[in-house]
Amino acid sequence: MQCPGGCTFAEHPDLQAPEARLIWHADLDPGALGVTAIPADPSDPDSIRIARIAPWLAIATDAAGREHAVLSDGWHHIRLDIEEGSLAGQEAVLLHYRILGLASAEARLLPLRRFLDLCRHRRFAHSLFPRDARIDRGIDMLRVHDAIGQGASQREIGAALFGDERVARDWNDVSDSLRSRVRRLVREAGAMAHGGYRQLMRRRP
């Protein structure tokens, strides 16, 4: 069942982010792959042996008994929704991938390539997980949100992000560029905290 935040924890929510396995609802993660899992002979070259992907696999089961899975090393993730069948308790499965349409299929092709590569090579290929250019700004927004929660002023936030020397030099500059940059981050951090994060995976870098 989808939680208010849009995700389910397959592990305890107090774990550090790289250790926890977040399972984002498919409505928020356009790359989630719907699959049918059929028990298979492990010797079948098309089968996936669960033991080979077990180190990264976490499964949550919803109220209807349907499995939702994530393969993650804490930094990369691949989402599977098992629409029929089961991964749990199987030695090997044959997966039928549900890829339909035009735009929705495009969003799932890269996750499918990532999944097949992980099954073959048992590692997350760096070439298939290019760095997201939005990450640095996202980290700044998290820092700003935390600072606001601690009662920091915008000037103090500017000093934390850009250094005391630059704030002393440019804070009251006639261009107002530094203060404007901090104000934008404050606005964006607030919008993200009030539900904007739900759209993160829908936006392309």
Undergrad: Check each of His145, Arg137, Arg183 against Glu188 using the side-chain contact (heavy atoms from CB on, under 4.5 Å) test, and report the only one that passes.
TA: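 Among the candidates, only Arg137 passes.
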
Undergrad: Taking 4.0 angstrom as the limit, do Asp170 and Arg166 come out as a salt bridge?
TA: yes

Undergrad: Between Arg114 and Ala125 (side chain of the first, backbone of the second, donor and acceptor by atom type, cut-off under 3.5 Å), is there such a pair?
TA: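 No: the side chain of Arg114 does not pair with the backbone of Ala125.
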
Undergrad: Strictly below 4.0 Å, N to O, side chains only: are Arg123 and Asp117 in salt-bridge contact?
TA: yes

Undergrad: Between Leu80, Ile78, Ile23, which is the residue that forms a side-chain contact (heavy atoms from CB on, under 4.5 Å) with Val70?
TA: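 Exactly one candidate clears the test, Ile23.
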
Undergrad: Return the minimal non-hydrogen interatomic distance between Ala69 and Ile59, and the atom names on each side.
TA: CB-CG1, 4.1 Å

Undergrad: Rest of the hydrophobic cluster containing Ile139 (Ile/Leu/Val/Met/Phe/Trp/Tyr, side-chain heavy atoms under 4.5 Å)?
TA: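 Via sub-4.5 Å side-chain contacts, Ile139 links to Ile135.
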
Undergrad: Please lay out, stage by stage, how Ile157 and Ile148 fare under the test side-chain contact (heavy atoms from CB on, under 4.5 Å).
TA: CA-CA 8 Å; Ile157 291 171; Ile148 292 170; 3.9 Å; yes

Undergrad: Search all heavy atoms of Ala160 against all heavy atoms of Arg143 and return the closest pair with its distance.
TA: O-NH2, 3.1 Å

Undergrad: Quick one, Trp171 and Val182 - any side-chain contact, counting heavy atoms below 4.5 Å?
TA: yes

Undergrad: Heavy atoms, side chains only, cut-off 4.5 Å: are Arg131 and Asp136 in contact?
TA: yes

Undergrad: Mind checking what makes side chain to side chain donor-acceptor pair (under 3.5 Å) contact with Ser127, not counting sequence neighbours?
TA: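 In terms of side chain to side chain donor-acceptor pair (under 3.5 Å), with neighbours along the sequence ignored, Ser127 is linked to no residue.
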
Undergrad: Membership question, hydrophobic clusters at under 4.5 Å side-chain separation (ILVMFWY): are Met192 and Leu142 in the same one?
TA: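 Leu142 does not cluster with Met192.
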
Undergrad: Can you list every side-chain hydrogen bond (donor to acceptor under 3.5 Å, both in side chains) pair that touches residues 152-161, not counting sequence neighbours?
TA: Ser153-Glu156

Undergrad: Between Asp173 and Ser175, which heavy-atom pair has the shortest distance, and what is it?
TA: OD2-OG, 2.7 Å

Undergrad: For a side-chain contact (heavy atoms from CB on, under 4.5 Å) check, start with the C-alpha distance between Ile48 and Leu87, then their side-chain angles and the critical distance, and finish with the verdict.
TA: CA-CA 10 Å; Ile48 294 169; Leu87 297 182; over 6 Å; no

Undergrad: Looking at residues at least two apart in the chain, or sitting in another chain, which of them share a ring-ring contact (aromatic ring centres under 6.0 Å, His included) with His76?
TA: Phe124, Phe129

Undergrad: Do Phe115 and Ile38 belong together in a cluster built from hydrophobic side chains that touch within less than 4.5 Å?
TA: no

Undergrad: Do Glu67 and Ser86 pair up side chain to side chain, a donor and an acceptor below 3.5 Å, judged on atom types alone?
TA: yes

Undergrad: Does any N or O in the side chain of Arg108 come within less than 3.5 Å of the main-chain N or O of Ser104, such that one atom is a donor and the other an acceptor?
TA: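 A pair under 3.5 Å: yes.
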
Undergrad: For His121, is the NE2 atom crowded, meaning more than 12 foreign heavy atoms sit under 6.0 Å from it?
TA: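 Check passes, neighbour count above 12.
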
Undergrad: Should the pair Arg181-Asp140 be classified as a salt bridge under the 4.0 Å nitrogen-to-oxygen rule?
TA: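 Between Asp140 and Arg181 there is no salt bridge, as every charged N stays at least 4.0 Å from the carboxylate O atoms.
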
Undergrad: In Å, rounded to the nearest 0.5 Å, how long is the span from OG of Ser180 to CG of Leu185?
TA: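 Answer rounded to 0.5 Å: 11.0 Å.
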
Undergrad: Does a sphere of radius 6.0 Å around CZ in Arg169 hold more than 12 heavy atoms from other residues, nucleotides or ligands, not counting ones at 6.0 Å or beyond?
TA: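 More than 12 heavy atoms, drawn from other residues, nucleotides or ligands, come within 6.0 Å of this atom.
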
Undergrad: To check you understand the geometry: which heavy-atom pair defines the closest contact between Asp164 and Ala159, and what is its length?
TA: OD1-CB, 3.2 Å

Undergrad: Please name all residues satisfying salt bridge (Lys or Arg N to Asp or Glu O under 4.0 Å) with Arg184, sequence neighbours left out, ordered by chain then number.
TA: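 With neighbours one apart ignored, the set is empty.
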
Undergrad: Measure from the side-chain N and O atoms of Arg122 to the backbone N and O of Arg52, and report whether any donor-acceptor pair falls under 3.5 Å.
TA: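 Indeed, once roles are kept as given, a pair shorter than 3.5 Å links the two residues.
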
Undergrad: Before giving the answer on side-chain contact (heavy atoms from CB on, under 4.5 Å), spell out for Leu71 and His77 the whole-Å C-alpha distance, their side-chain angles and the decisive distance to 0.1 Å.
TA: CA-CA 6 Å; Leu71 294 142; His77 87 283; over 6 Å; no

Undergrad: Could you walk me through whether Asp81 and Val35 satisfy the side-chain contact (heavy atoms from CB on, under 4.5 Å) test, starting with their C-alpha distance in whole Å, then the side-chain angles of each, then the deciding distance to 0.1 Å, before giving a yes or no?
TA: CA-CA 6 Å; Asp81 275 337; Val35 301; over 6 Å; no

Undergrad: Any side-chain heavy atom of Thr61 within less than 4.5 Å of one from Arg66?
TA: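 No, their side chains stay 4.5 Å or more apart.
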
Undergrad: Which pairs of donor and acceptor atoms, one on a side chain in residues 89-101, lie under 3.5 Å apart (sequence neighbours left out)?
TA:
residue : atom : partner : partner atom : Å
Arg98   : NH1  : Glu83   : OE1          : 2.6
Arg98   : NH2  : Thr36   : OG1          : 2.8
Arg98   : NH2  : Glu84   : OE2          : 2.8

Undergrad: Quick check: closest heavy atoms across Pro30 and Ala107, and the distance to 0.1 Å?
TA: O-CB, 3.7 Å

